[in-house]
2 protein chains.
Amino acid sequence: MTTPLKIVSWNINSVRFRLDIVETFLRDMAPDILCLQETKVVDQDFPTDSFRALGYTHIMLHGQKMHHGVAILSKVPLVEDDRFDWQANQEARHVGVRLESGMRIENVYVPAGGDVPDRAVNPKFGQKLDFLERMTQWSQGLTVPTLLVGDLNIAPLESDVWSHKQLLKTVSHTPVEVAAMDRLKASNSWVDLGRHFFPAPARLHTWWSYRSVDWTVNDRGRRLDHMWATADVAAKATRHHVYEECRSWLKPSDHVPIMTEFAI
Amino acid sequence: MTTPLKIVSWNINSVRFRLDIVETFLRDMAPDILCLQETKVVDQDFPTDSFRALGYTHIMLHGQKMHHGVAILSKVPLVEDDRFDWQANQEARHVGVRLESGMRIENVYVPAGGDVPDRAVNPKFGQKLDFLERMTQWSQGLTVPTLLVGDLNIAPLESDVWSHKQLLKTVSHTPVEVAAMDRLKASNSWVDLGRHFFPAPARLHTWWSYRSVDWTVNDRGRRLDHMWATADVAAKATRHHVYEECRSWLKPSDHVPIMTEFAI
DNA sequence: GAGGAATCGG
DNA sequence: CCGATTCCTC
């Protein structure tokens with residue numbers, strides 16, 4: 001048996017501002033592949049050298065100025081790549097690659113959706129739901145072994161949030177978003193790897209707001225970051241982990257990295 | 001004979017952002033009185049505790065949000081204070097105090113005057129000239145021993161700037177501004193203490209733009225900061241010094257402190 | 001060039 | 001709350 005393949009997803013909230021902690025993470029945890037969201041940098045300014053120096057020589061970027069931006073950094077070869085623009089609005093929210101094994105990795109940053117969970121008064125909420133719908137159409141046609149990772153900005157289950165009741169009208173946990181996410185999930189053989197390894201009602205969070213002084217005090221987290229695998233890929237998953245400790249690092253992202261290990 | 005009284009004036013360009021270097025300066029140079037301009041802070045947010053801790057327990061503030069703002073910090077008692085609003089526009093550009101000796105200190109921040117030295121097209125230039133005119137009217141009525149200090153934003157003499165010819169059309173060294181400053185000076189028994197101790201054509205600068213990478217390279221300075229004393233006060237001045245080294249400190253102001261010592 | 005604030009998106 | 005950007009002033 002070969003050594004397992006470690007794949008990490010992390011909403012980094014500006015890769016340049018947080019280069020220190022990303023480097024620390026890569027040195028300590030040594031994943032084979034790192035998928036980043038919210039890199040907030042155009043491709044020409046992406047700090048590729050820092051990643052190359054750590055052995056991540058295969059780099060696929062889809063950045064834009066100021067907002068959004070995704071990236072895949074890998075120690076193992078990436079043989080193909082795509083940058084979908086599902087909403088044809090030039091927002092850099094997806095980059096996809098194929099590994100030599102044939103498995104694809106699709107790295108996605110779903111729109112946050114604004115504050116008010118109402119399409120009529122908040123266009124951003126509408127955009128979020130539309131984005132999920134376009135992803136669903138794409139997912140229906142998928143036929144290759146695929147790992148979908150990223151910040152999906154939805155915490156679907158009661159145990160995905162610190163208080164189901166208090167967040168029912170909060171964007172990221174509203175029934176209409178969860179329903180949209182459920183349709184996406186049902187559109188293929190998707191396995192939610194987080195819940196595969198830590199079934200509900202286990203507490204599982206990946207994001208804690210910057211707005212509380214100490215994120216650990218009331219632990220008001222949400223599970224916004226996900227890894228979904230098509231059944232063939234999920235069958236090879238051996239381990240899943242959420243690096244909560246990164247939320248306490250100096251100048252942290254509000255999201256922490258999540259990791260799945262595959263026997264490939 | 002008593003120990004001399006050391007009085008410093010410094011345009012600090014945000015007293016909060018530069019608290020470190022102000023504290024260092026006070027510890028090292030130990031003036032009795034520090035007059036600041038461009039404190040850029042409302043009175044309630046002024047870091048008074050830091051100054052009290054260093055022995056500057058007598059504090060007179062005239063601050064405003066974001067722009068301008070002046071302050072007098074003193075180890076010796078301040079027995080009276082004024083905040084003039086010469087242009088009745090609520091800009092915090094003056095604070096004045098009286099010492100127990102009877103001498104007054106008037107701390108002023110004259111408007112910079114914008115880029116174009118033409119009243120017709122640049123209202124800020126007009127405001128600057130108007131401000132000097134109002135100061136002149138005030139100065140004419142002055143009858144008490146007075147030390148006027150501050151950022152007057154004018155370098156009147158050829159040797160007050162790095163190049164008289166190249167700056168003749170640059171705001172701060174235009175003939176019209178110099179004429180206005182001359183009228184102010186002539187309106188009382190004012191003695192320009194800088195030039196009293198370092199007569200022209202000696203080089204005497206107090207400000208170097210942030211825009212050059214290394215301020216020392218071409219030494220493109222200007223003398224924008226001044227100390228003027230009425231004749232009775234000037235007679236007691238024993239020493240004058242410009243702390244140029246502060247321009248090389250970490251996170252410097254673009255102005256450096258100037259100091260006059262008095263045998264009082 | 002540098003600081004501060006307002007704005008936007010999170 | 002946080003980061004990035006834009007605007008303004010000096």
Kindly write out the residues that satisfy salt bridge (charged side-chain N to carboxylate O under 4.0 Å, His left out) with D43(A), not counting sequence neighbours, or none if the list is empty. none
Check: R222(A) side chain, H205(A) main-chain N or O, donor-acceptor pair, under 3.5 Å: no
Looking at residues at least two apart in the chain, or sitting in another chain, which of them share a side-chain contact (heavy atoms from CB on, under 4.5 Å) with A180(A)? L129(A), L132(A), R183(A)
So, E91(B) and Q127(B): side-chain donor and acceptor under 3.5 Å apart, yes or no? yes
What is the nucleic acid contact for R222(A), judged by heavy atoms within less than 4.0 Å: base, sugar-phosphate only, or nothing? nothing
Write down the distance between CG (D254(A)) and P (dG9(C)), rounded to a whole number of angstrom. 17 Å
Range-with-range stems for DNA chain D, at least three Watson-Crick or G-U pairs under 3.5 Å: C:1-9 with D:2-10
dC10(D) C1' sits how many Å from R93(B) CZ, rounded? 10 Å
Nearest-Å distance, CG (D214(B)) to C1' (dA2(C))? 16 Å
Atom CG of N11(B) and atom C1' of dC10(D): how far apart are they, to the nearest Å? 9 Å
Does a salt bridge link E244(A) with R203(A), judged by any charged N lying under 4.0 Å from a carboxylate O? yes
Partner of W215(A) under ring pair (Phe, Tyr, Trp, His ring centres under 6.0 Å), chosen from W208(A), W207(A), W162(A): W208(A)
Apply side-chain contact (heavy atoms from CB on, under 4.5 Å) to T174(A) and list each qualifying residue two or more places apart in sequence or on a separate chain. P117(A), F125(A), V176(A), E177(A)
Steps toward salt bridge (Lys or Arg N to Asp or Glu O under 4.0 Å) verdict (E38(B), R93(B)): CA-CA 8 Å; E38(B) 278 210 90; R93(B) 297 185 174 276; over 6 Å; no
Nearest whole angstrom, please: distance from the P of dG1(C) to the CZ of R220(B). 14 Å
Contact residues, residues 165-185 of chain B to DNA chain C [heavy atom, < 4.0 Å]: none
Any donor-acceptor pair under 3.5 Å linking the side-chain atoms of H94(A) with those of H62(A)? no
Please tabulate the protein-to-nucleotide N/O contacts below 3.5 Å involving nucleotides 2-4 of chain D, giving atom names and distances.
from, atom 1, to, atom 2, distance (Å)
dA4(D), OP1, S14(A), OG, 2.5

Specify the separation, in whole Å, of atom NE2 of H255(B) and atom C1' of dG1(C). 14 Å
Taken in chain and number order and not counting sequence neighbours, the residues that satisfy side-chain contact (heavy atoms from CB on, under 4.5 Å) with R195(A) are L157(A), S159(A), D160(A), D192(A), A200(A), A202(A), L204(A), R223(A)
Going by the rule side-chain hydrogen bond (donor to acceptor under 3.5 Å, both in side chains), which residues pair with T216(B) if we only count those two or more places apart in sequence or in a different chain? D214(B)
side-chain contact (heavy atoms from CB on, under 4.5 Å) filter on M29(A), not counting sequence neighbours, yields F25(A), P31(A), Y243(A), E245(A)
Excluding sequence neighbours, so at least two apart, what forms side-chain hydrogen bond (donor to acceptor under 3.5 Å, both in side chains) with R18(B)? Y210(B)
Between residues 106-126 of chain B and DNA chain D, which residues have a heavy-atom gap below 4.0 Å? Y109(B), A112(B), K124(B)
Separation of D151(B) atom CG from dC10(D) atom P, in whole Å? 11 Å
Provide, to the nearest angstrom, the distance between the CH2 atom belonging to W207(A) and the C1' atom belonging to dG9(C). 13 Å
Name all residues meeting the salt bridge (charged side-chain N to carboxylate O under 4.0 Å, His left out) criterion together with R83(A); count only those two or more places apart in sequence or in a different chain, and write none if there are none. D81(A)
